[in-house]
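Here is the structure we will look at, set down as structure tokens.
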Amino acid sequence: MKLSTLNFLQMLPDFMRDDPAVQGLATAVEDILSSPAQEVPNAAVWNRIDQMDAAQLDELAWEMDIDWYDTNWTVDQKRETVKNSDNVYQKRGTKWAVEQVIKDVFGDGYVEEWTEYGGQPFHFRVTTTFAFPDDATIERFRHLIAQAKRASARLDSITFAHEGTAMTYTGAANVGMAIIQSAVAVNL
């Protein structure tokens, strides 16, 4: 039996079905329940996240109190953040939570804890392939990490790791100079 096609009178025992007062009550119950029954499919929010628009996702994030959520993100970033928010809340303060928040918003990244790179106790560093276009994006990245990390943990660095090829040209002349190999690494 479905709420949308509820026949309350059929649910009653046979001896009660002939009473006019019970019949009236059954009809009233059906009328009262029919309106909320029509809204039940809309209550299944988790099944519809992929169909929600930006405004609906913003409202849902506000209702869920996702404090690392940003209304300026793309719809895909918003969806991933909303989908994973419960898991992040459960594991907040862990390496997994920081990595998940970074992946939801910036696509890729991982955390190295101080024991993995010989840093100071309770420090960590983050590596990502996301190209930071400006200082404001770096600050948003730091804010995002701050929302997911332990309060006692300290961020040492954010490293932009890019995979690809680079062309190198060298030249030499007999003028008594030494050619020194050099490289530039950006550590934000």
Side-chain angles (χ1 to χ4, degrees), residues 45-172 177-188:
V45 173
W46 290 107
N47 297 343
R48 297 183 313 113
I49 290 176
D50 288 331
Q51 288 79 39
M52 290 183 175
D53 62 19
Q56 291 171 321
L57 291 166
D58 293 345
E59 181 66 26
L60 184 58
W62 179 82
E63 289 174 11
M64 295 173 64
D65 193 27
I66 305 173
D67 52 3
W68 62 93
Y69 186 89
D70 189 338
T71 57
N72 296 320
W73 290 341
T74 66
V75 172
D76 289 336
Q77 290 170 321
K78 291 177 180 186
R79 283 188 181 127
E80 291 306 311
T81 300
V82 169
K83 285 179 186 178
N84 293 315
S85 64
D86 282 349
N87 290 332
V88 171
Y89 268 122
Q90 289 174 356
K91 298 175 183 175
R92 201 169 197 173
T94 66
K95 177 181 176 178
W96 182 91
V98 174
E99 288 177 343
Q100 187 61 49
V101 168
I102 292 168
K103 288 175 185 173
D104 289 344
V105 179
F106 293 98
D108 189 27
Y110 64 92
V111 173
E112 287 181 283
E113 296 185 295
W114 64 277
T115 55
E116 297 171 321
Y117 67 92
Q120 294 179 8
F122 308 111
H123 286 232
F124 69 100
R125 60 186 182 191
V126 175
T127 302
T128 182
T129 57
F130 182 79
F132 296 101
D134 53 30
D135 290 341
T137 307
I138 295 169
E139 283 309 308
R140 283 195 303 272
F141 191 85
R142 287 179 183 273
H143 176 72
L144 191 72
I145 291 170
Q147 296 297 319
K149 73 175 186 68
R150 260 187 351 267
S152 63
R154 299 289 174 248
L155 176 63
D156 278 343
S157 65
I158 301 169
T159 304
F160 168 70
H162 178 68
E163 294 181 11
T165 58
M167 299 299 292
T168 304
Y169 299 98
T170 60
M177 295 188 330
I179 298 174
I180 301 171
Q181 180 181 1
S182 65
V184 177
V186 177
N187 193 7
L188 306 172

**Report entry** pair V105-L144: side-chain heavy atoms closer than 4.5 Å
**Finding:** yes
Requested in this report: Measure the acute angle between the ring planes of F132 and F141, then classify it against the limits of 30° and 60° as parallel, tilted or perpendicular.
Outcome: perpendicular
Query raised in the report: Do T159 and T128 come within less than 4.5 Å of each other through their side chains, counting heavy atoms only?
Result: no
Query raised in the report: Do the non-hydrogen side-chain atoms of F124 and D156 ever get within less than 4.5 Å of each other?
Result: no
Query - Heavy-atom side-chain contact between I145 and W68 under 4.5 Å - result: no
Requested in this report: Among residues two or more places apart or on two chains, list those pairs meeting salt bridge (Lys or Arg N to Asp or Glu O under 4.0 Å) that have a residue in residues 121-138.
Outcome: E112-R125
Query - Sub-4.5 Å side-chain heavy-atom contact between L60 and M52 - result: yes
Requested in this report: Would you check if R142 and E139 make a side-chain contact, meaning some heavy-atom pair closer than 4.5 Å?
Outcome: yes
Query - Expected output: side-chain T81 to main-chain Q77 donor-acceptor under 3.5 Å - result: yes
**Report entry** Audit row: Q120, H123, side-chain contact (heavy atoms from CB on, under 4.5 Å) steps and yes/no
**Finding:** CA-CA 6 Å; Q120 294 179 8; H123 286 232; 3.5 Å; yes
Report summary line: Residue set satisfying side-chain hydrogen bond (donor to acceptor under 3.5 Å, both in side chains) with K95, at least two apart, ordered chain then number -> E116
Report summary line: Those residues at least two apart in sequence (or on a different chain) that pass side-chain contact (heavy atoms from CB on, under 4.5 Å) with N72 are D70
**Report entry** Any residue meeting side-chain contact (heavy atoms from CB on, under 4.5 Å) with D76, in chain and number order, not counting sequence neighbours
**Finding:** T74, R79
Query - Partners passing side-chain hydrogen bond (donor to acceptor under 3.5 Å, both in side chains) against Y110 (at least two apart in sequence or in another chain) - result: none
Query raised in the report: Is a salt bridge present between K78 and D58, judged by a nitrogen-to-oxygen distance below 4.0 Å?
Result: yes
Query raised in the report: Would you say Q51 has more than 12 foreign heavy atoms packed within less than 6.0 Å of its CD?
Result: yes
Query raised in the report: Which residues satisfy the ring-ring contact (aromatic ring centres under 6.0 Å, His included) test with Y69, sequence neighbours excluded?
Result: W73
Query raised in the report: Can you name the residues that form a salt bridge (Lys or Arg N to Asp or Glu O under 4.0 Å) with R92, not counting sequence neighbours?
Result: D67
Report task. Output yes when a side-chain donor or acceptor of K103 lies under 3.5 Å from a complementary backbone atom of G107, and no otherwise. Result -> no
Query - F130/F160 aromatic ring centres below 6.0 Å - result: no
Query - Enclosure of F122 CZ (heavy-atom neighbours >12, cutoff 6.0 Å) - result: no
**Report entry** Heavy-atom side-chain proximity of V98 to I102 below 4.5 angstrom
**Finding:** yes
Requested in this report: Could I get the full list of salt bridge (Lys or Arg N to Asp or Glu O under 4.0 Å) partners for D53, not counting sequence neighbours?
Outcome: none
Query raised in the report: Does R154 have any side-chain hydrogen bond (donor to acceptor under 3.5 Å, both in side chains) partners at least two apart in sequence or in another chain, and if so, which?
Result: none
Query raised in the report: What residues, two or more places apart in sequence or in another chain, satisfy side-chain contact (heavy atoms from CB on, under 4.5 Å) together with K83?
Result: I49, D50, E80
Query raised in the report: Should F106 and T129 count as side-chain neighbours, where that means a heavy-atom distance under 4.5 Å?
Result: no
Report task. For E59, enumerate each residue passing the salt bridge (Lys or Arg N to Asp or Glu O under 4.0 Å) test, keeping only those at least two apart in sequence or located in another chain. Result -> none
Query raised in the report: What residues, two or more places apart in sequence or in another chain, satisfy side-chain contact (heavy atoms from CB on, under 4.5 Å) together with Q100?
Result: N84, V88, W96, D104
Query raised in the report: Between R150 and G93, what is the shortest heavy-atom contact and its length?
Result: CG-O, 3.2 Å
